[in-house]
Amino acid sequence: EMLDLFMSNILLKENILDPQMLEYVNALLRFKTKFKLHWSNAEEFNSGKMTMMNSDELTELDSVFVYILDIITNRGLIEKGKYELKRSYANLNFSGQDNASSWHTDTGFEGSDGSTHTILFYPQQWQSEWGGETEFKNTEVVNKTTKVEYKQNQVILFDGKIPHRAAAHNNPNAYRFTIAYKVKLKQ
């Protein structure tokens, strides 16, 4: 069931893939995906701190990433034929990364890819005490944020104009992987 978290702009859906497909996706992320340094905004880049790594276009790496988006569509999170995929990639976060300064939006800035919404998929097993939530800033209420816990096999759809960030996690034995799809919803 979809949950309305805040301002009707952040939607969740759980249990997207079957266990065998999840295992395959996690193996692809760990062993086949090439990652490079990534900064969410100019402030992070200018500070010299590395906040995360991300991959090249995932749909070109393996058709399973197209399949995941099809499954998300078939589960009713976005309507088939009502969106255009602009970009897909994976994020990799290290333990202890302090992303406190990396509030960012995914749309509406010069040089953006033309997407209107972001879809995040959490593929790996995760314990809530490790942290690594995705945080959203409510721009209508001062100091109001909404945290979405990283849960395996969960997907989030949100308006790309909502400021968000990945919170640091504290598991020194794991990377935090997130698959991201940037889409433009058609009117």
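Residue numbers count from 1 along this sequence. FYI, side chains are in, hydrogens and waters are out, and symmetry mates aren't considered; it's all heavy atoms of this structure.
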Residue pair Tyr181 / Ser88: nearest heavy atoms and the distance that separates them: CD2-CB, 3.6 Å

Closer than 4.0 angstrom, basic N to acidic O: yes or no for Lys137 and Glu135? no

Any chain of hydrophobic side-chain contacts (each under 4.5 Å) joining Trp130 to Val148? yes

Does a side-chain heavy-atom distance below 4.5 Å link Asn153 with Phe121? yes

Measuring only between side-chain heavy atoms, which start at C-beta, is Ile16 closer than 4.5 Å to Gln154? no

Testing the basics here: between Ile68 and Leu17, what is the closest heavy-atom pair and its distance to 0.1 Å? CG1-CD1, 3.9 Å

Identify whether Val64 and Val66 are in the same connected component of the hydrophobic contact network (ILVMFWY, side-chain heavy atoms under 4.5 Å). no

How are the rings of Trp126 and His169 set to each other: parallel, tilted or perpendicular (split at 30° and 60°)? perpendicular

Could you tell me the separation between the CG atom of Asn93 and the OH atom of Tyr150, rounded to the nearest 0.5 Å? 9.5 Å

Thr118: partners by side chain to side chain contact (heavy atoms under 4.5 Å, CB included), with sequence neighbours left out: Asp106, Leu120, Phe158, Lys182

side-chain hydrogen bond (donor to acceptor under 3.5 Å, both in side chains) between Thr116 and Tyr83, intermediate numbers included: CA-CA 9 Å; Thr116 59; Tyr83 68 90; over 6 Å; no

If we count only N and O atoms by modelled type, under 3.5 Å, do the side chains of Ser95 and Tyr175 hold a donor and an acceptor together? no

Gln124 side chain vs Phe177 backbone, donor-acceptor pair below 3.5 Å: yes

Is the shortest side-chain heavy-atom distance between Leu29 and Ile179 below 4.5 Å? yes

Counting C-beta onward and ignoring hydrogens, is there a side-chain heavy-atom pair between Val155 and Tyr122 closer than 4.5 Å? no

Going by the rule side chain to side chain contact (heavy atoms under 4.5 Å, CB included), which residues pair with Glu23 if we only count those two or more places apart in sequence or in a different chain? none

Test your reading of the model: is there a side-chain donor-acceptor pair from Asn138 to the backbone of Lys144, 3.5 Å cut-off? no

Go through it in stages, so that I can follow the logic: the residues are Arg176 and Thr178, the test is side-chain hydrogen bond (donor to acceptor under 3.5 Å, both in side chains), and I'd like the CA-CA distance, side-chain angles, deciding distance and then a yes or no. CA-CA 7 Å; Arg176 175 192 179 272; Thr178 304; 3.1 Å; yes

Considering all heavy atoms, the nearest Ile72-Ile119 contact: CD1-CG2, 3.9 Å

In plain terms, say whether Glu14 and Lys151 are close enough for a salt bridge, that is, a side-chain N and a carboxylate O under 4.0 Å apart. yes

Check whether more than 12 heavy atoms from other residues, nucleotides or ligands sit under 6.0 Å from atom CD of Glu79, and answer yes or no. no

Can you find a heavy atom in the side chain of Thr73 that is under 4.5 Å from one in the side chain of Lys82? no

Once rounded to the nearest 0.5 Å, what's the spacing between atom CG of Asn74 and atom OH of Tyr67? 8.5 Å

For Thr105 and Gly160 the tightest heavy-atom approach is CB-O, 3.4 Å

Ignoring hydrogens, what is the shortest heavy-atom contact between Phe136 and Ile156? Give both atom names and the distance. CZ-CG2, 4.2 Å

Give me the atom names and distance for the closest heavy-atom approach of Glu149 to Glu133. CA-CG, 4.1 Å

Can you tell if the side chain of Leu77 reaches within under 4.5 Å of the side chain of Arg75, non-hydrogen atoms only? no

Any donor-acceptor pair under 3.5 Å linking the side chain of His104 with the backbone of His164? yes

Find the distance between CG (Asn15) and CD1 (Ile71) and round it off to the nearest 0.5 Å. 12.5 Å

Going by the rule side chain to side chain contact (heavy atoms under 4.5 Å, CB included), which residues pair with Gln125 if we only count those two or more places apart in sequence or in a different chain? Gln152

